[in-house]
Amino acid sequence: MAKPDRAVWQDVLWHLRQNHPDTCRQWFEDIQPIGIEGGVFQAYVDQSVRQRYLQRQCAAQFTEALQAVTGKLLSVRFLGPDDGAALHTNAPRPPAGSSAAGSNGQVHAETTGGEVRPADRSGGIRQGGLLISPDYTFDNFIVGPENRLAHAAALAVCASPGRTYNPLFVHGGVGLGKTHLLQAVCQRLISASPEMAIYYVSCEQFMTQFMEAVQAGEMNDFRHRFRDVDVLLIDDIHFLAKRDRTQDEFFHTFNSLYQGQKQIILSSDAPPTDIPDLEARLVSRFQCGLVVQMNPPCYETRVQIVKQKGRIRGLNVPEEAACYVAQHVSSNIRELEGAVVKIHSLSVADGEAVSLDLARRALESDSPSVRPEVSINNIIEAVINYYSVKLTDLQSKRRQKSIAHPRQVCMWLARKHTRYSLEEIGGYFGGRDHTTVMHALKAINRRRQTDADFGRVLDALDDRVKAAGNGPSGVTRAPSA
Ligand code: ADP
Ligand code: MG
């Protein structure tokens, strides 16, 4: 297998940060590149939850970044602790205890249609129709007065599953952290006891799998799948309403687990008594453990959440910017997160650290990425005037600083304001390849951060180029490799 160049991998991460800030997470730094085999770039992560998340959620972005950086047609595959293949490579073994999901904690994939693999009794988290997010851990959960009880109850359940509160029933409005809390429980449990069999499933999947099992005459499999576990978590159980047969089946599933002292955790948008058409016997089952409510976050909690959502993206959101967001977005936490994503995108697009001013701009404009359309001629004109160079020099092979620097500025501006690819920009400025353009973008970004005078020059050129653009249209992109 061809070994990857570490610098190439760093470029891939850099490219992702510039072009897919929304996808990027701080923990991407822990991904270990393994090598290239048959056009597939392989990388290793030490947690099954992360591996599955990367493969399902991020493969397209990584593929795009790999292709842009290497100029080769590559695809990507993420290996994890359960991949025998990884053991035959130089992939590092996961350090003991470092894994939120547990180094042995397996994630069992469901096949298409949400069917889980034929049930085996090996430990791990199975995910029916849902994907566990590596972000949804206790570490990333901000505790405030509005969710303190639910958080404490979830921790207590992790400390002694099946014994403390059974079932644990968490309810609250949309976007208040129910799913986050359930997934945090999954990750904490599997980290402490990798042999534990956990099934985390949406209510919808429970119903679908039930109907499919009935039609296929495979009720034994179905029952085995749901009852032969140590912990069953069902998200959004309120969807069970109005399905008589499914309610009946769930009643028996519940009883079987409960009698076996297996932990049941349910989330819902309403308390058991308020779920319409829920059979009385289920209402009373749901109430026999602990029912806790999650409420909308207060201002202080919101401020902390904004900072936390920034941190997991590797973004430092200063206090005043976090306060500004918390003041302006109060409805639900998903919207707070949306605000952080907007701020992140603008910060990358403008190459600026997050500040109160940037937060304000990001939230004021619904579409911060819409800018005047700029042509390559606008860019050349601005740069030629400022640096007193000739176009023929910019397009030549000459490398002296007085030409190479303005050429790099052109490349940076072209990447920021036009849709041209790295190859096209490189080709235009003297038949250079995409790696030269990437290098130029990095050099300009670096200098911009360390040299305030240059920063001002670049901003002025940027303004001139924008002013020369003619009217709003098109989406510009960040200057990136
Ligand atoms: P629900 O399932 O209640 O609709 P989610 O669990 O999907 O809500 O939460 C929506 C978003 O808000 C997620 O990104 C989640 O991480 C975030 N969130 C909710 N509560 C918290 C919290 N206390 N700390 C940090 N993030 C939170
Ligand atoms: Mg949810």
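- In terms of heavy atoms, L131 sits closest to R52 at CD1-CG, 3.9 Å.
- Looking at every heavy atom in both residues, C186 comes nearest to I132 through CB-CD1, 3.9 Å.
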> Under the salt bridge (charged side-chain N to carboxylate O under 4.0 Å, His left out) criterion, do R223 and D228 qualify, and how do the steps go?
Replying inline: CA-CA 8 Å; R223 292 189 174 132; D228 197 9; over 6 Å; no
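- Between W14 and L441 the shortest side-chain heavy-atom distance falls below 4.5 Å.
- Judged by distance alone, with hydrogens and angles left aside, the side-chain atoms of Q187 form a donor-acceptor pair with the main-chain N or O of Y136 at under 3.5 Å.
- Rounded to the nearest 0.5 angstrom, R188 CZ and T137 OG1 are separated by 8.5 Å.
- Contact check on K416 versus D350 returns a salt bridge, with a Lys/Arg side-chain nitrogen under 4.0 Å from an Asp/Glu carboxylate oxygen.
- Ion pairing of R361 with D357 is present here, as a side-chain N (NZ or NE/NH1/NH2) and a carboxylate O approach within less than 4.0 Å.
- E29 and R50 are not joined by a salt bridge, as no carboxylate oxygen comes within less than 4.0 angstrom of a charged side-chain nitrogen.
- Using cut-offs of 30° and 60° on the angle between ring planes, the pair W9 and F41 is parallel.
- Residues V329 and A339 share a closest heavy-atom pair of CG2-CB, 4.2 Å.
- Between the side chain of Q263 and the main chain of Y165, a donor-acceptor pair closer than 3.5 Å is present.
- The shortest non-hydrogen separation linking L168 to A153 is CD1-CB, 3.7 Å.
- The closest side-chain heavy-atom distance from T208 to M211 is not below 4.5 Å.
- Two residues are said to be in side-chain contact when any heavy atoms from C-beta on lie closer than 4.5 Å; V303 and E319 meet this criterion.
- Counting heavy atoms from C-beta on, the side chains of W27 and Q47 never come closer than 4.5 Å.
- Atoms CD1 and CG, on I305 and N140 in that order, are 11.0 Å from each other to the nearest 0.5 Å.
- In this structure, the side chains of Q183 and V49 stay at 4.5 Å or more apart for every pair of heavy atoms.
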> Please walk me through it: do Y258 and N166 pass side chain to side chain donor-acceptor pair (under 3.5 Å)?
Replying inline: CA-CA 7 Å; Y258 186 77; N166 206 16; over 6 Å; no
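- More than 12 heavy atoms of other residues, nucleotides or ligands shown are found within 6.0 angstrom of CD on E146.
- A donor-acceptor pair is defined here as one N or O able to donate and one able to accept, closer than 3.5 Å; no such pair exists between the side chain of H15 and the backbone of A65.
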>> Please evaluate residues L232 and F254 with respect to the criterion side-chain contact (heavy atoms from CB on, under 4.5 Å), reporting the C-alpha separation (whole Å), side-chain torsions for both, the decisive distance (0.1 Å), and the verdict.
In response: CA-CA 9 Å; L232 177 67; F254 186 101; over 6 Å; no
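- Not one N or O on the side chain of H171 forms a donor-acceptor pair closer than 3.5 Å with the backbone of M294.
- A side-chain donor-acceptor contact under 3.5 Å links K178 to the backbone of G172.
- For the ring pair (Phe, Tyr, Trp, His ring centres under 6.0 Å) test with F28, the passing option among F78, F62, Y53 is F62; the others fail.
- In R311, the CZ atom is crowded: over 12 heavy atoms of neighbouring residues, nucleotides or ligands sit closer than 6.0 Å.
- Within the 3.5 Å criterion, the main-chain N or O of E279 finds a donor-acceptor partner in the side chain of Q247.
- Between Q259 and N255 the shortest side-chain heavy-atom distance falls below 4.5 Å.
- Taking 4.5 Å as the limit, some side-chain heavy atom of P145 sits within range of a side-chain heavy atom of T301.
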>> R126 vs V229, test: side-chain contact (heavy atoms from CB on, under 4.5 Å). Steps then yes/no.
In response: CA-CA 10 Å; R126 277 186 278 153; V229 294; 3.5 Å; yes
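- For S347 (side chain) and E352 (main-chain N/O), a donor-acceptor pair under 3.5 Å exists by modelled atom type.
- No donor-acceptor pair closer than 3.5 Å links the side chain of Q61 to the backbone N or O of L16.
- Here CG of L181 is found 10.5 Å from CG of D235. Values are rounded to the nearest 0.5 Å.
- Closest approach of A326 to L336, counting heavy atoms only: CA-CD2, 4.4 Å.
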>> Between D236 and S267, does the side-chain contact (heavy atoms from CB on, under 4.5 Å) criterion hold? Intermediate values first, please.
In response: CA-CA 5 Å; D236 293 328; S267 83; 3.9 Å; yes
>> Let's go through D46 and D30 carefully: what are the C-alpha distance in whole Å and the side-chain angles of both, what is the deciding distance for side-chain contact (heavy atoms from CB on, under 4.5 Å) to 0.1 Å, and is it a yes or a no?
In response: CA-CA 8 Å; D46 68 353; D30 300 337; 5.7 Å; no
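- The existence of a salt bridge linking R448 and D462 is excluded, since no basic side-chain nitrogen approaches an acidic carboxylate oxygen closer than 4.0 Å.
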>> Test side chain to side chain donor-acceptor pair (under 3.5 Å) on Q51 and D83; report intermediate values, then the result.
In response: CA-CA 10 Å; Q51 175 200 8; D83 283 296; 2.7 Å; yes
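- Looking only at side-chain heavy atoms (C-beta outward), C58 and R25 stay at 4.5 Å or farther from each other.
- A donor-acceptor pair under 3.5 Å is formed between the side chain of D230 and the backbone N or O of A197.
- Side-chain atoms of Q67 come within 3.5 Å of backbone atoms of L74 as a donor-acceptor pair (strictly under, hydrogens ignored).
- Ring geometry for H151 against F138 counts as perpendicular: the plane angle is over 60°, on a 0 to 90° scale with 30° as the lower cut.
- Annotation: the span from S330 atom OG to E335 atom CD amounts to 8.5 Å, rounded to 0.5 Å.
- Between F206 and F222, the distance separating the two ring centers is shorter than 6.0 angstrom.
- Atoms CD1 and CZ, on I333 and R302 in that order, are 9.5 Å from each other to the nearest 0.5 Å.
- With values rounded to the nearest 0.5 angstrom, R225 atom CZ is found 8.0 Å from E218 atom CD.
- For the residue pair P272 and V291, the shortest heavy atom distance occurs at CD-CG1, 3.9 Å.
- Atom CZ of R281 is surrounded by more than 12 heavy atoms from other residues, nucleotides or ligands within 6.0 Å.
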